[in-house]
S.K.: 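My questions will all concern the structure given below.
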Amino acid sequence: MHWGLFYLPTSLPENPEEGAAGYRTLLGQVRYAEELGVDAVWLAEHHFQAFGGMCASPPVIGAAIAEQTTAVRIGTAVALLPYQNPIRVAEDYATLDLLSNGRLDFGVGHGFVKWETLNFGISPEEVRERFREHLEVVLKAWTQPGVRHNGRFYDYSNLAVWPRPFQQPHPPVWIGATTTIESFEFSGRQGYHMMVIPFLHDVEDLRGKIEAYLAARKAAGHDPSTTRV
């Protein structure tokens, strides 16, 4: 078992000074956690509301953490891929991976807050398809000398994307899933790590989804010793 901190602020500051103090508190807690031997710090991403709104920019907060620590891993739980240009995501998180000397854990999801989806101008019916395509583009940007991609939302022909991440071939990918078993099976087939929210599930329901994830991972030939949930 690994231990980490998870940041999902649920209140907004009354003024800029309070907001700045909140970030300083977060950084102080992370420095202390590293001294205690905590493995990782995970940053949520949310927008436009008290629920996580102060973590709207995980790569910026992550860069500050990287500057003030040396060992703790820096994860996203999760980066909301459908709401951002995938090339910019690849650039920002590769930069964070370099600044941290390879400590990024790239947790991704498609989000579940309809308020965010609508305010970013994304059709709720497109969210899942955008998520899959955006992740595909990010991984191509990190691993191909020139991105070649022809999809529903993006079309690139030999596009060079810099910088490249520190970890090769790319930082570990974690899939955040809660509802559909298809997401668990997709993560398993791809060999990604799994990120869940246990309190949203009946125990037996969650057990079945994790078993489906592990079965899909095994069927795809991925090394079971590298599995992380």
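Note that the coordinates shown come from a computational prediction; the quantities given were computed from them, not determined experimentally.
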S.K.: Specify the closest pair of heavy atoms between Met194 and Ile210, including all atoms of both residues, with the distance to one decimal.
M.R.: CG-CD1, 4.3 Å

S.K.: Of all the heavy-atom pairs spanning Asp105 and Arg73, show the shortest one and how long it is.
M.R.: OD2-NE, 2.7 Å

S.K.: Taking NZ, NE, NH1 and NH2 as the nitrogens, is one of them in Glu91 or Arg88 under 4.0 Å from a carboxylate oxygen of the other?
M.R.: yes

S.K.: Is a salt bridge present between Glu133 and Arg152, judged by a nitrogen-to-oxygen distance below 4.0 Å?
M.R.: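 Between Arg152 and Glu133 there is no salt bridge, as every charged N stays at least 4.0 Å from the carboxylate O atoms.
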
S.K.: Can you tell me if His170 uses its side chain to pair, donor with acceptor, with the backbone of Pro165 under 3.5 Å?
M.R.: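 Such a contact is absent between His170 side chain and Pro165 backbone.
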
S.K.: May I ask you to test the Gln144-His149 pair for a side-chain heavy-atom distance under 4.5 Å?
M.R.: no

S.K.: Check this for me, if you would: do Lys140 and Glu136 make a salt bridge, where the nitrogen-to-carboxylate-oxygen distance has to be below 4.0 angstrom?
M.R.: yes

S.K.: Look at the side-chain heavy atoms of Ile, Leu, Val, Met, Phe, Trp and Tyr, link any pair under 4.5 Å apart, and say whether Trp174 and Leu96 land in one connected group.
M.R.: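 No; tracing contacts between hydrophobic side chains, which count when under 4.5 Å, never links both residues.
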
S.K.: Is the shortest heavy-atom distance from the side chain of Glu67 to the side chain of Leu99 under 4.5 Å?
M.R.: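 No, their side chains stay 4.5 Å or more apart.
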
S.K.: Determine, using the 4.5 Å side-chain heavy-atom cutoff (strictly less than), whether Ile175 and Trp142 are members of one ILVMFWY cluster.
M.R.: yes

S.K.: Would Arg148 pass as a cation-pi partner of Tyr156, given that its NZ or CZ must be under 6.0 Å from the six-membered ring centre and within 45 degrees of the axis?
M.R.: no

S.K.: Please answer whether the main-chain N or O of Ala64 pairs with a side-chain N or O of Gln68 as donor and acceptor at a distance below 3.5 Å.
M.R.: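 Judged by distance alone, no pair lies under 3.5 Å.
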
S.K.: Return the minimal non-hydrogen interatomic distance between Pro58 and Thr76, and the atom names on each side.
M.R.: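 Residues Pro58 and Thr76, closest heavy atoms: CB-CG2, 4.0 Å.
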
S.K.: Got Val229 and Tyr213 here, is their nearest side-chain heavy-atom distance under 4.5 Å?
M.R.: yes

S.K.: Using side-chain heavy atoms (C-beta onward) and a distance below 4.5 Å, is Phe48 in contact with Trp115?
M.R.: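 Yes, side chains in contact.
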
S.K.: How about Tyr83 and Leu81: do any of their side-chain heavy atoms sit closer than 4.5 Å?
M.R.: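 Not in contact.
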
S.K.: Hydrophobic clusters here meaning ILVMFWY residues chained together by side-chain heavy-atom distances under 4.5 Å, can you tell me if Trp42 and Val108 are in one?
M.R.: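 Shared cluster, no.
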
S.K.: Might you point out which heavy atoms bring Arg217 and Thr227 nearest each other, and give the distance in Å?
M.R.: NE-OG1, 2.9 Å

S.K.: Quick one: does any side-chain atom of Asp97 pair with a main-chain N or O of Leu104 as donor and acceptor, under 3.5 Å?
M.R.: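 A pair under 3.5 Å: yes.
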
S.K.: Please confirm whether the backbone N or O of Ala21 pairs with a side-chain atom of Thr25, one donor and one acceptor, at under 3.5 Å?
M.R.: yes

S.K.: Quick one: does Ser157's side chain get under 4.5 Å of Leu159's, heavy atoms only?
M.R.: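 Counting from C-beta outward, Ser157 and Leu159 never come under 4.5 Å.
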
S.K.: Only one of Ile61, Val30, Thr69 clears side chain to side chain contact (heavy atoms under 4.5 Å, CB included) with Val41; which?
M.R.: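 Looking at Ile61, Val30, Thr69, the match for Val41 under the side chain to side chain contact (heavy atoms under 4.5 Å, CB included) is Val30.
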
S.K.: So His46 and Phe51, ring pair (Phe, Tyr, Trp, His ring centres under 6.0 Å) or not? Walk me through it.
M.R.: CA-CA 7 Å; His46 281 293; Phe51 183 72; 4.7 Å; yes

S.K.: Are the aromatic ring centres of Tyr154 and His134 under 6.0 angstrom apart?
M.R.: yes

S.K.: Taking NZ, NE, NH1 and NH2 as the nitrogens, is one of them in Arg207 or Glu204 under 4.0 Å from a carboxylate oxygen of the other?
M.R.: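 Salt bridge between Arg207 and Glu204, a charged N being under 4.0 Å from a carboxylate O: yes.
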
S.K.: For Gly109 and Pro82, work out which heavy atoms get closest and say how close.
M.R.: O-CD, 3.6 Å

S.K.: Go through it in stages, so that I can follow the logic: the residues are Leu206 and Leu200, the test is side chain to side chain contact (heavy atoms under 4.5 Å, CB included), and I'd like the CA-CA distance, side-chain angles, deciding distance and then a yes or no.
M.R.: CA-CA 9 Å; Leu206 182 58; Leu200 292 180; over 6 Å; no

S.K.: Which class fits the ring pair Phe186 and Phe131: parallel under 30°, tilted 30 to 60°, perpendicular over 60°?
M.R.: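 Because their plane-to-plane angle is over 60°, the rings of Phe186 and Phe131 count as perpendicular.
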
S.K.: Is there a donor-acceptor contact under 3.5 Å from the side chain of Glu34 to the main chain of Thr70?
M.R.: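 Pair found, side chain donor or acceptor close to backbone of Thr70.
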
S.K.: With salt bridge (Lys or Arg N to Asp or Glu O under 4.0 Å) as the criterion, how do Glu185 and Lys209 come out once you've worked through the C-alpha distance, each side chain's angles and the decisive distance to 0.1 Å?
M.R.: CA-CA 8 Å; Glu185 293 171 338; Lys209 289 175 177 175; over 6 Å; no

S.K.: Between Met54 and Leu5, is there shared hydrophobic-cluster membership here, with clusters defined by ILVMFWY side-chain heavy atoms closer than 4.5 Å?
M.R.: yes

S.K.: Taking Glu129's backbone N and O only, do any of them form a donor-acceptor pair with Arg132's side chain (distance below 3.5 Å, no angle check)?
M.R.: no

S.K.: Side chains of Pro59 and Leu43: closer than 4.5 Å at any heavy-atom pair?
M.R.: no

S.K.: Using the rule that two of Ile, Leu, Val, Met, Phe, Trp, Tyr join whenever any of their side-chain heavy atoms come within less than 4.5 Å, decide whether Phe106 and Tyr7 are in one cluster.
M.R.: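 Phe106 and Tyr7: one cluster.
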
S.K.: Using a 4.5 Å cut-off on heavy atoms from C-beta on, say whether the side chain of Glu126 contacts that of Arg128.
M.R.: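 The answer is no, as the side chains (C-beta and beyond) never meet within the 4.5 Å cut-off.
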
S.K.: What are the two closest non-hydrogen atoms of Pro163 and Ala94, and how far apart are they?
M.R.: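 Taking Pro163 first and Ala94 second, the nearest heavy atoms are O-CB, 3.3 Å.
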
